[in-house]
2 protein chains.
Amino acid sequence: MHSLQFTGIDRGSAVPLYYQIQQTLLGDIRTGSLKPGEPVPSEQEISARLRVSRMTARQALKSLCDMGVVFSERGKGTFVSPLKLERNLRQVISFTEEMRGRGFHPSSTFLSLESILPGREVFTALGISPKEKVFRLKRVRNADSIPMGIECSYLPAHLYPDLRAKFDPAGSLYRTLADHYGVHIHIAEEVAEASLVDARQGRLLHVKPGSPIFIFARTSYDRSGRAVEYVRSVYRGDRYKIVNRLTQHHSRHAGKGRP
Amino acid sequence: MHSLQFTGIDRGSAVPLYYQIQQTLLGDIRTGSLKPGEPVPSEQEISARLRVSRMTARQALKSLCDMGVVFSERGKGTFVSPLKLERNLRQVISFTEEMRGRGFHPSSTFLSLESILPGREVFTALGISPKEKVFRLKRVRNADSIPMGIECSYLPAHLYPDLRAKFDPAGSLYRTLADHYGVHIHIAEEVAEASLVDARQGRLLHVKPGSPIFIFARTSYDRSGRAVEYVRSVYRGDRYKIVNRLTQHHSRHAGKGRP
DNA sequence: GAGTGGTCTAGACCACTTT
DNA sequence: AAGTGGTCTAGACCACTCG
């Protein structure tokens, strides 16, 4: 029933078959060839038309399901998810990417980069010794040249030798960490509070003391769970919103095909 | 190398094998038999010891991986994730559950339940006609009898016939929706703002006007993407924090086992 | 070289939904 | 009855990591 481009499957490629199928379907969904609520090709149809095993077809659909792009209903089929969970309100990690995704031009005002001994809050968050030095990077974050927030990043010094020479004050910190140190942030835990701006923060953010602000405390980890960054930041309440997707614990199973 | 309780596998049960294995390992991790950073049994070991196919063992490990409880490294093994991403800072949907998870005793002060015509904000969020009636439920939410926030829920009337008779003002709204109407919230989108409390809100929340607050706007959807609830709420900034886990887009694949 | 996870196959039985 | 997704099997080859 589907006449989609299933011609792009290259069995000689190093790209896994299920991933090629996933990308093909993702393309059809993004371009609108497959519309929200419509069924995507069934596991068996993919299997037959592309001459792949049903498990491979299933893996492709499962990955789209995990991404929230489609959802499956037993006995009925698999359908394009009506929610535009595309990008932008996806949990993001880089201020730069986040602002670009929202259509703003991001920039930073560099304040300072120092090597210091961490306070209690910092060394406990990073899980390091109080005697271990950290870099403290302070920046004001702007969107379209309007100050949005103040960020103070703490980075364990032993992870980033010679950071002062390698960090470009105008560039992305995360790009520096990835390119020069092979450090990739995999997951972060963030606590947000609502508070009021004080005099010093007000001057940097161009708002009156007593205005509403978000206060964030974020710890970032790499794949193996090592803390690679701790960030304290303050964002203007009048210009910044937090967008979240809340999901039900998706740990349940469905039923059984066997007595 | 592992001497864990792998005896609980019941092939006659209606519970899928992979799910039994997942739960067994989850138990070992929760009790501390498997500690953060330690390897969990390999796919082949599970396969051999439990006499299941490797794909089934793999499915169990994959599900734990998706939950963030373990992580896999190619050629090395699968290890318990060092982060205690257990519960509580998991994205939650029910105030009742959330507070219980944080160790508080939740309660509600019922304010009103009315059937009204929705305003623009409400009918656009719910994706319904302006002429379609909605229930408006107002409650003050307490933790250990201290007011934490004010919630105003809007519910499409046609989804919940006879809600007034079926809703217990002291009970959980989500339980009512699930038990009486078979409505299960699958996903929600929430926007949080930082603001200042006004006089009316201050009286209900027992704080001075001008104190910091969170303002939430949340739309909840069921599995098929139908909006089943819109909630406007206000929470005290001095007593409430938002805890989030941010993840990198996990849509990449790993490599290939074939040229 | 032995062990690991990543991918893939070609079947199978089941429960569920729709026709 | 036919089609769907959910589960499961018993194999296979590969790339990667480590000793």
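All chains are named by letter (A, B, ...) in the order of the sequence lines, taking the proteins before the strands, and each is independently numbered beginning at 1.
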Suppose we screen for salt bridge (Lys or Arg N to Asp or Glu O under 4.0 Å). Which residues come up paired with B:Glu73, at least two apart in sequence or across chains? B:Lys76
In whole Å, what is the span from the CG atom of B:Asp10 to the C1' atom of D:dC8? 16 Å
Rounded to whole angstrom units, what separation is found between the CD atom of A:Gln22 and the C1' atom of C:dG6? 15 Å
What is the distance from CG of B:Leu61 to C1' of D:dC8, rounded to the nearest Å? 16 Å
Look only at the side chain of B:Glu151 and the backbone of B:Val231, and say whether a donor-acceptor pair between them is shorter than 3.5 Å. no
For A:Arg175, side chain to side chain donor-acceptor pair (under 3.5 Å) partners two or more places apart: none
Protein N or O to nucleotides 1-3 of chain C N or O, pairs below 3.5 Å:
residue, atom, partner, partner atom, Å
C:dG3, N2, B:Gly75, O, 2.9

Would you say D:dT4 has OP1 or OP2 under 4.0 Å from some side-chain N or O of A:Ser72? no
C:dC8 phosphate, OP1 or OP2: any side-chain N/O from A:Tyr18 under 4.0 angstrom? no
Over how many whole Å does the gap from B:Asp66 atom CG to C:dG6 atom P extend? 11 Å
Quantified as the angle between the terminal helix axes (five pairs each), what is the overall bend of the helix from C:dG1-D:dC18 to C:dT18-D:dA1 to 10 degrees? 0°
Against the side chain of B:Thr78, the closest entry in D:dT9, C:dG5, D:dG6 is C:dG5
With a 3.5 Å distance limit and no angle check, can you tell me whether A:Tyr160 reaches the backbone of A:Thr176 through a side-chain donor-acceptor pair? no
So if I take every side-chain heavy atom of B:Glu43 and compare against C:dG6, C:dC13, C:dC8, which nucleotide ends up nearest? C:dG6
Rounded to the nearest Å, what distance is computed from the CZ atom of residue A:Arg51 to the P atom of nucleotide C:dG11? 12 Å
Nearest-neighbour nucleotide for the A:Arg54 side chain, C:dC13, D:dA12, C:dT9 considered: C:dC13
I need the NZ-C1' distance between A:Lys62 and D:dG5, as an integer number of Å. 13 Å
For B:Ser129, check side chain to side chain donor-acceptor pair (under 3.5 Å) against everything at least two apart and list the hits. none
Do the side chain of A:Ser220 and the main chain of A:Val228 share a donor and acceptor less than 3.5 angstrom apart? no
Taking the side chain of A:Ser53 as its heavy atoms from C-beta onward, which of C:dG5, D:dC8, C:dT9 lies nearest to it? C:dT9
Acceptor/donor pairs from residues 57-65 of chain B side chains to any protein atom, 3.5 angstrom cut, sequence neighbours excluded:
residue, atom, partner, partner atom, Å
B:Arg58, NH1, B:Glu43, OE2, 2.8
B:Lys62, NZ, B:Asp66, OD1, 3.3
B:Lys62, NZ, B:Asp66, OD2, 3.3
B:Ser63, OG, B:Gln22, NE2, 3.1
B:Ser63, OG, B:Ala60, O, 2.7

Is there a side-chain polar atom (N or O) of A:Arg11 under 4.0 Å from OP1 or OP2 of C:dT7? no
Do we see a donor-acceptor contact under 3.5 Å between the side chains of A:Glu189 and A:Tyr221? no
Nearest to the side chain of A:Arg58 - D:dG6, C:dA10, C:dG5? D:dG6
Could you give the CE-to-P distance, from A:Met55 to D:dA10, as a whole number of Å? 14 Å
Rounded to whole angstrom units, what separation is found between the CD atom of A:Glu73 and the C1' atom of C:dT18? 13 Å
Side-chain donor-acceptor pair present, B:Ser72, B:Thr78, cut-off under 3.5 Å: yes
Look only at the side chain of B:Glu38 and the backbone of B:Lys35, and say whether a donor-acceptor pair between them is shorter than 3.5 Å. yes
